[in-house]
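Read through the structure below, which is laid out as structure tokens, and then see the notes.
Just so it is clear, the structure is predicted and the values come from calculations on it, not from any experiment. Residues: numbered from 1 along the sequence shown.
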Amino acid sequence: MQLGRLLAYFVLGQAALAAAVSLPLRIVTFNIRYATSSLESNEKPWWDLFCFISSSRCRERRLVGLLQSISDAAPAGAVTIMGLQEVLHNQLSDIKNGLGSNWDHVGFGRDDGAESGEYSPILYRTDVLTLVYSEMKWLSPTPDVVSYGWNAGSRRVVTIGVFQDITTGKRFIHADTHLDNVSSEARIEGIKVVVARIEAVQAIYGPLGVTLTGDFNSDPNGDAYSTLQNLGYLTEIWNSGAQRLGTNQLTYTGFTTTGISRIDYIWLGPNPDTFYSAQQFEIWSNIVDGTIVSDHRPIVADITLL
Ligand SMILES: *[C@@H]1O[C@H](CO)[C@@H](O)[C@H](O)[C@H]1NC(C)=O
């Protein structure tokens with residue numbers, strides 16, 4: 001009995017310690033633009049043979065450098081998680097090779113659940129985080145199988161991971177998605193699937209703090225944004241009280257040097273949010289050494305998992 005009590009004290013003590021230690025996180029969302037050969041004006045190829053001669057010809061080297069800079073500039077001790085969109089398999093390989101062997105990802109190509117089509121991958125560092133669980137679901141009435149939903153122009157997915165910080169033992173859920181650019185109904189119903197899947201994961205592993213990254217193809221007055229807002233489940237970083245750094249307010253730029261719209265977001269919760277405090281966020285430039293590396297800008301948020 002005494003031993004049992006001692007053990008209980010020990011276990012509870014460890015749990016209390018884990019709960020007391022907070023974990024700084026750097027959350028990133030970035031639509032990197034799929035590698036295409038039909039280039040828009042000012043768009044450079046992701047990679048081609050001429051990139052051997054001049055790396056400034058291509059997006060690949062500079063975009064990976066930007067991701068590296070975002071991670072390197074994270075506050076001391078912060079763990080960086082990146083939710084990317086429009087990532088083709090070869091781009092994912094290039095990014096992981098560029099970032100180094102500490103990085104891994106969850107997610108699959110949306111066209112076959114394997115390597116075909118765009119991924120909405122979550123990139124994380126295996127030396128600081130353990131992956132506890134992950135899933136990818138289609139945003140359709142049949143989320144478990146490769147499918148289109150609600151007149152969408154493309155197959156759409158959500159990637160979800162439950163992560164555990166190796167040092168503190170703290171766990172959180174991160175989800176990443178890219179809503180349809182054609183069908184309003186697909187965006188509205190799609191974001192509802194995203195929340196339903198997060199809640200299902202939450203029911204098994206939670207209650208845990210949740211972060212959601214994504215290209216919503218919806219501005220803050222638009223269909224998908226208001227649907228998520230009205231569900232009351234998560235708060236967008238912009239409305240979280242976090243300080244906005246820098247001057248950029250728009251996230252979609254096309255291959256131009258000015259902003260066009262705000263359609264990419266970082267959300268946190270669940271509400272009422274006792275899991276996170278949000279310090280700051282910034283919409284970074286997508287121009288690196290004169291090259292427009294994507295038609296979107298990345299958003300970088302610094303928050304603390306309490
Ligand atoms: C939607 O995105 C796809 C793929 O990126 C593109 O081919 C298509 O033109 C876009 N449609 C609209 C309506 O913007």
Side-chain angles (χ1 to χ4, degrees), residues 27 29-31 34 81-87 105-114 116-122 131-163 172-237 263-271 273 275 299:
I27 307 290
T29 190
F30 193 12
N31 179 329
Y34 72 104
I81 287 266
M82 305 190 199
L84 307 183
Q85 301 87 32
E86 286 197 25
V87 186
H105 82 280
V106 293
F108 299 96
R110 66 190 186 187
D111 290 344
D112 64 354
S116 171
E118 297 173 12
Y119 291 57
S120 291
I122 302 169
L131 181 65
V132 176
Y133 170 78
S134 69
E135 68 173 37
M136 188 180 92
K137 297 290 177 181
W138 279 264
L139 308 186
S140 80
T142 53
D144 292 330
V145 296
V146 182
S147 47
Y148 287 86
W150 305 287
N151 302 311
S154 308
R155 297 180 185 91
R156 300 290 173 177
V157 297
V158 59
T159 308
I160 303 178
V162 178
F163 298 93
F172 59 94
I173 296 169
H174 184 81
D176 185 42
T177 194
H178 184 184
L179 302 178
D180 198 55
N181 62 338
V182 172
S183 159
S184 174
E185 189 190 5
R187 286 191 290 276
I188 292 170
E189 297 306 318
I191 196 64
K192 290 182 192 168
V193 174
V194 169
V195 170
R197 287 314 314 169
I198 294 172
E199 286 179 325
V201 172
Q202 188 78 286
I204 297 169
Y205 294 95
L208 296 173
V210 174
T211 43
L212 166 66
T213 49
D215 173 351
F216 278 31
N217 275 310
S218 166
D219 68 30
N221 301 313
D223 43 32
Y225 188 104
S226 19
T227 302
L228 183 55
Q229 179 91 331
N230 292 341
L231 287 174
Y233 186 61
L234 300 172
T235 300
E236 198 223 334
I237 189 87
I263 58 172
D264 302 270
Y265 306 102
I266 295 173
W267 299 74
L268 53 155
N271 294 326
D273 193 358
F275 290 92
I299 313 176

Checklist entry - Gln85 and Thr29: side-chain donor and acceptor closer than 3.5 Å? => result yes
Checklist entry - Say you draw a straight line from OG1 of Thr213 to CD1 of Ile27; how long is it, rounded to the nearest 0.5 Å? => result 8.0 Å
Checklist entry - Hey, is the main chain of Thr142 close enough, under 3.5 Å, to the side chain of Ser147 for a donor-acceptor pair? => result yes
Checklist outcome for this item: By side chain to side chain contact (heavy atoms under 4.5 Å, CB included), Glu199 pairs with (sequence neighbours left out) Val195, Tyr233
Item to check | Sidechain-backbone polar pair: Asn151 side chain, Ser183 backbone, donor-acceptor under 3.5 Å | outcome: no
Next on the checklist: Are Leu139 and Thr177 packed together at the side-chain level, in the sense that at least one heavy-atom pair is separated by less than 4.5 angstrom?
Outcome noted: yes
Checklist entry - Taking side chain as C-beta onward, heavy atoms only, is Trp150 less than 4.5 Å from Ser184? => result no
Next on the checklist: For a 4.5 angstrom cut-off between non-hydrogen side-chain atoms, does Met82 reach Ile122?
Outcome noted: no
Checklist entry - So, Thr159 and Asp176: side-chain donor and acceptor under 3.5 Å apart, yes or no? => result no
Item to check | Check: Trp267 and Thr211 side chains under 4.5 Å, non-hydrogen atoms | outcome: no
Next on the checklist: Given 3.5 Å as the limit, does a donor-acceptor pair link the side chain of Arg187 with the main chain of Asp180, or not?
Outcome noted: yes
Checklist outcome for this item: Applying side chain to side chain donor-acceptor pair (under 3.5 Å) to Glu86 and not counting sequence neighbours gives Asn31
Next on the checklist: Could you report the tightest heavy-atom contact between Ala186 and Ala152, atom names first, then the distance?
Outcome noted: CB-CB, 3.8 Å
